[in-house]
Asks: 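Take this structure, written in structure tokens, and hold onto it; I'll ask about it next.
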Amino acid sequence: MDNDILSLWSPWLRTANSPWEQVLHFAVKKHYSKNDIILGNRQLINELYYLHVGEIKMIHLNSEGEEKPVWYIGSGNIFGETPFLLGGECNTIFTCVRDSIVYTFNRQLVMEKILPLNPDIMIDMLNGMASKIQTLTRQIYDLSLTSPKMRLYRLLYSISTTRVNNAIKISQQDLADLLGIHRVTLNKILVALKHSGIIEHDFNRKRITVGNPAGLLKLMEKEQS
């Protein structure tokens, strides 16, 4: 999938010089391979997870088993902190996009020693949670108050205004997952856009080109009215 589009529509969470690096000697080191599931649906969480090396994707599954990527986590981030702090189940899935090294901290150690004695780590956790809340709020608004057409139109229009070739390389399934749209619904919208001369869609090469940005803008204005 196109990394620029991922960054815009399924945000990256990255941290430079993470303070968690200074307490890794308290944690358990674990190795995961690409596509491994680190945390799964309904799993009870008794540890806090820190991504030392690699890349992790957080996804939600709907009742039909379709994926909606929420964000991508880069090295230097903790994850699973919400069920960890609440002492409950993990209602999302964290899976490895590539080989990763993860450190796990047990609850008692984090609550009694690491957080009270390391204010910089406490601030890092709060900042990370605030960033994730902001991302989730934005996505909830988009999914609940924006139509599937408008979500697709906005993404395609952003491509037409930021790229010289007005193109994106992505499969229909990845695009559907990214926007939280059923694949059948997405296909119908893409077909209509292609017939209207708004886009060129090379299904085999997984490439969509916006050929008529002005026409797409008119469709966006009509959808909003």
Side-chain angles (χ1 to χ4, degrees), residues 1-14 35 55-74 77 79 92-98 130-225:
M1 191 187 296
D2 193 300
N3 286 334
D4 291 341
I5 297 303
L6 274 181
S7 298
L8 179 63
W9 293 90
S10 192
W12 276 94
L13 299 176
R14 295 189 178 97
N35 297 324
E55 180 182 328
I56 293 172
K57 176 173 66 172
M58 175 183 169
I59 61 176
H60 282 291
L61 292 178
N62 65 15
S63 58
E64 298 177 352
E66 296 171 327
E67 295 183 1
K68 172 62 176 78
V70 179
W71 54 60
Y72 284 72
I73 301 172
N77 282 283
F79 59 98
T92 54
I93 295 176
F94 294 86
T95 182
C96 293
V97 178
R98 57 188 176 90
S131 177
K132 292 172 182 177
I133 290 171
Q134 183 181 56
T135 297
L136 286 173
T137 301
R138 196 163 53 236
Q139 293 196 5
I140 289 170
Y141 172 85
D142 205 32
L143 290 172
S144 60
L145 299 178
T146 308
S147 69
K149 281 185 179 180
M150 181 57 79
R151 271 175 263 160
L152 178 59
Y153 293 170
R154 284 171 49 199
L155 185 147
L156 294 176
Y157 189 73
S158 72
I159 293 169
S160 71
T161 59
T162 57
R163 301 196 170 202
V164 176
N165 60 3
N166 293 359
I168 175 178
K169 188 173 182 180
I170 189 171
S171 70
Q172 276 201 33
Q173 188 60 63
D174 284 341
L175 185 57
D177 292 343
L178 197 60
L179 296 175
I181 301 173
H182 193 284
R183 191 173 182 276
V184 174
T185 301
L186 174 66
N187 183 67
K188 290 179 179 178
I189 303 172
L190 288 174
V191 169
L193 289 174
K194 186 174 182 179
H195 287 167
S196 300
I198 303 294
I199 67 169
E200 298 174 11
H201 185 199
D202 189 332
F203 184 83
N204 292 326
R205 295 176 60 193
K206 300 178 182 179
R207 184 181 179 89
I208 301 172
T209 302
V210 182
N212 185 1
L216 181 59
L217 183 58
K218 289 182 180 179
L219 289 178
M220 292 173 63
E221 293 171 348
K222 180 179 180 181
E223 186 70 17
Q224 286 181 320
S225 62

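In this chain, numbering begins with 1 at the start of the sequence shown. These values consider heavy atoms only, across backbone and side chains, with no hydrogens, waters or symmetry-generated copies. Just so you know, these numbers come straight off a predicted model, no measurement behind them.
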Asks: Check whether any side-chain heavy atom of Leu136 sits under 4.5 Å from a side-chain heavy atom of Val70, and report yes or no.
Replies: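 A side-chain contact under 4.5 Å exists here.
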Asks: To the nearest 0.5 angstrom, please state how far the CD1 atom of Ile73 sits from the CD atom of Glu55.
Replies: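 Rounded to the nearest 0.5 Å, the CD1-CD separation comes out at 10.0 Å.
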Asks: Would you say Lys132 has more than 12 foreign heavy atoms packed within less than 6.0 Å of its NZ?
Replies: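 Counting other residues, nucleotides and ligands, NZ of Lys132 exceeds 12 neighbours.
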Asks: To the closest 0.5 Å, what do you measure between CG (Leu219) and CD (Gln224)?
Replies: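 Output value for this atom pair is 11.5 Å.
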Asks: Which heavy-atom pair separates Ile59 from Pro69 by the least distance, and what is that distance?
Replies: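 Taking Ile59 first and Pro69 second, the nearest heavy atoms are CG2-CA, 3.8 Å.
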Asks: Sequence neighbours left out, cut at 3.5 Å: what donor-acceptor pairs do the side chains of residues 187-203 make with other protein atoms?
Replies:
{"residue": "Asn187", "atom": "OD1", "partner": "Gln172", "partner atom": "NE2", "Å": "3.1"}
{"residue": "Lys194", "atom": "NZ", "partner": "His201", "partner atom": "O", "Å": "3.2"}
{"residue": "Ser196", "atom": "OG", "partner": "Ala192", "partner atom": "O", "Å": "2.9"}
{"residue": "Asp202", "atom": "OD1", "partner": "Asn204", "partner atom": "N", "Å": "3.3"}
{"residue": "Asp202", "atom": "OD1", "partner": "Arg205", "partner atom": "N", "Å": "3.1"}

Asks: Between CG of Leu216 and OG1 of Thr161, what distance do you get to the nearest 0.5 Å?
Replies: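 The OG1 atom of Thr161 is 10.0 Å from CG of Leu216, to the nearest 0.5 Å.
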Asks: Taking C-beta and beyond as the side chain, do Met58 and Phe79 meet within less than 4.5 Å on heavy atoms?
Replies: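 Result no, sub-4.5 Å side-chain heavy-atom pair not found.
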Asks: If you measure from CG on Leu175 to CG on Leu155, what distance do you get to the nearest 0.5 Å?
Replies: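 Rounded to the nearest 0.5 Å, the CG-CG separation comes out at 6.0 Å.
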Asks: Please find the pair of heavy atoms, one from Asp174 and one from Ser171, that lie closest to each other, and give the distance.
Replies: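 Distance-wise, the nearest heavy atoms are N-OG, 3.1 Å.
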Asks: Quick one, Ile208 with Ile159, criterion side chain to side chain contact (heavy atoms under 4.5 Å, CB included). Give me CA distance, side-chain angles, the key distance, then yes/no.
Replies: CA-CA 10 Å; Ile208 301 172; Ile159 293 169; over 6 Å; no
Asks: What's the shortest heavy-atom distance between Leu179 and Arg151, and which atoms?
Replies: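 Minimum heavy-atom separation between Leu179 and Arg151: O-NH1, 2.8 Å.
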Asks: Ser147 and Glu223: which non-hydrogen atoms are nearest, and at how many Å?
Replies: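 Minimum heavy-atom separation between Ser147 and Glu223: OG-OE2, 2.9 Å.
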Asks: Would you say that Tyr157 contacts Val210 through its side chain, given a criterion of any heavy-atom pair below 4.5 Å between the two side chains?
Replies: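 They are not in side-chain contact.
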Asks: Hey, are the side chains of Arg154 and Thr146 touching, using non-hydrogen atoms and a 4.5 Å cut-off?
Replies: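 Yes, side chains in contact.
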Asks: For Leu186 and Ile181, work out which heavy atoms get closest and say how close.
Replies: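 Closest pair (atom of Leu186, atom of Ile181, distance): N-CG2, 3.8 Å.
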